[in-house]
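Following: one structure in structure tokens, then a few remarks.
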Amino acid sequence: MRIPQQFDNATPLRLEVAAQIAFPDRSMGAAGLRKERDAGRLETELIAGKEYVTLAAIARMRELCRGRRKGHGLSGGTKAGKRTARAEIGPDGSSATGQPSSALAAAKEAAQELRTKKR
């Protein structure tokens with residue numbers, strides 16, 4: 001990351017300016033930095049109601065983000081030549097999560113009794 005001469009790693013910068021310096025390809029903006037702040041990976045300063053960040057804080061954020069990936073454990077596809085695990089929930093399309101609960105069984109029994117009484 002090339003830093004303009006008038007700034008150093010400890011200079012407080014508004015989020016958009018810091019994003020433009022740290023990510024010159026414009027792939028990250030102030031909104032992305034706020035998202036990282038909300039996730040606890042970026043330390044910002046609130047001065048006179050304005051939010052600032054240092055380039056050093058962005059460098060620490062990048063260290064925390066390095067190697068972190070979202071996992072997709074219940075996919076039926078293949079990844080890196082290996083088959084991933086599938087949930088044991090029955091046939092495709094089923095949203096059941098296991099054995100029916102006793103509450104469900106009681107409700108079905110009550111519904112059956114009501115149907116029988118109607119006749």
Side-chain angles (χ1 to χ4, degrees):
M1 161 171 50
R2 192 171 154 269
I3 303 169
Q5 287 181 342
Q6 70 265 32
F7 305 126
D8 65 17
N9 278 338
T11 303
L13 302 166
R14 295 296 301 268
L15 296 181
E16 192 59 47
V17 172
Q20 289 173 8
I21 294 169
F23 301 91
D25 65 349
R26 308 263 195 238
S27 62
M28 176 75 74
L33 293 178
R34 281 191 288 276
K35 187 174 182 179
E36 290 300 308
R37 174 209 59 206
D38 294 346
R41 291 183 288 268
L42 180 63
E43 184 179 314
T44 63
E45 304 168 18
L46 194 61
I47 303 170
K50 294 178 174 68
E51 193 166 23
Y52 294 88
V53 68
T54 64
L55 296 176
I58 291 177
R60 284 190 300 274
M61 174 201 73
R62 291 182 60 211
E63 285 292 324
L64 291 172
C65 292
R66 205 164 273 134
R68 186 177 54 82
R69 300 281 185 261
K70 287 184 178 180
H72 299 286
L74 296 179
S75 171
T78 59
K79 293 182 182 174
K82 296 180 182 175
R83 183 119 175 118
T84 56
R86 286 185 56 100
E88 297 297 326
I89 60 170
D92 288 342
S94 171
S95 62
T97 56
Q99 297 297 322
S101 69
S102 59
L104 178 61
K108 285 183 175 181
E109 186 177 321
Q112 183 60 37
E113 286 177 19
L114 289 172
R115 275 190 227 113
T116 310
K117 286 181 184 178
K118 262 187 164 178
R119 292 180 188 170

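FYI, the numbering just counts along the sequence from 1.
- Between A19 and A30, the closest heavy-atom pair is CB-N, 4.3 Å.
- Classification of R34 and E51 as a salt-bridged pair fails, no side-chain N sitting under 4.0 Å from a carboxylate O.
- At most 12 non-hydrogen atoms from other residues, nucleotides or ligands lie less than 6.0 angstrom from CD of E43.
- R66 has a carboxylate O that lies under 4.0 Å from a charged side-chain N of E63, or vice versa, which qualifies the two as a salt bridge.
- Note that CZ of R26 is 7.5 Å distant from CD of E16, once rounded to the nearest 0.5 Å.
- From R41, atom CZ reaches atom CE of M61 across 8.5 Å, with rounding to the nearest 0.5 Å.
- Applying the side-chain contact (heavy atoms from CB on, under 4.5 Å) test to D38 and every residue at least two apart in sequence or in another chain returns nothing.
- Remark: of the listed residues L33, L13, I21, L15, L33 is the sole one forming a side chain to side chain contact (heavy atoms under 4.5 Å, CB included) with I58.
- Of all non-hydrogen atoms in L42 and A57, the two that sit nearest each other are CD1-O, 3.6 Å.
- Legend: residues meeting side-chain contact (heavy atoms from CB on, under 4.5 Å) with I47, ordered by chain and number and at least two apart, are E45, Y52.
- Here the closest non-hydrogen pair linking L55 and A22 is CD2-CB, 4.3 Å.
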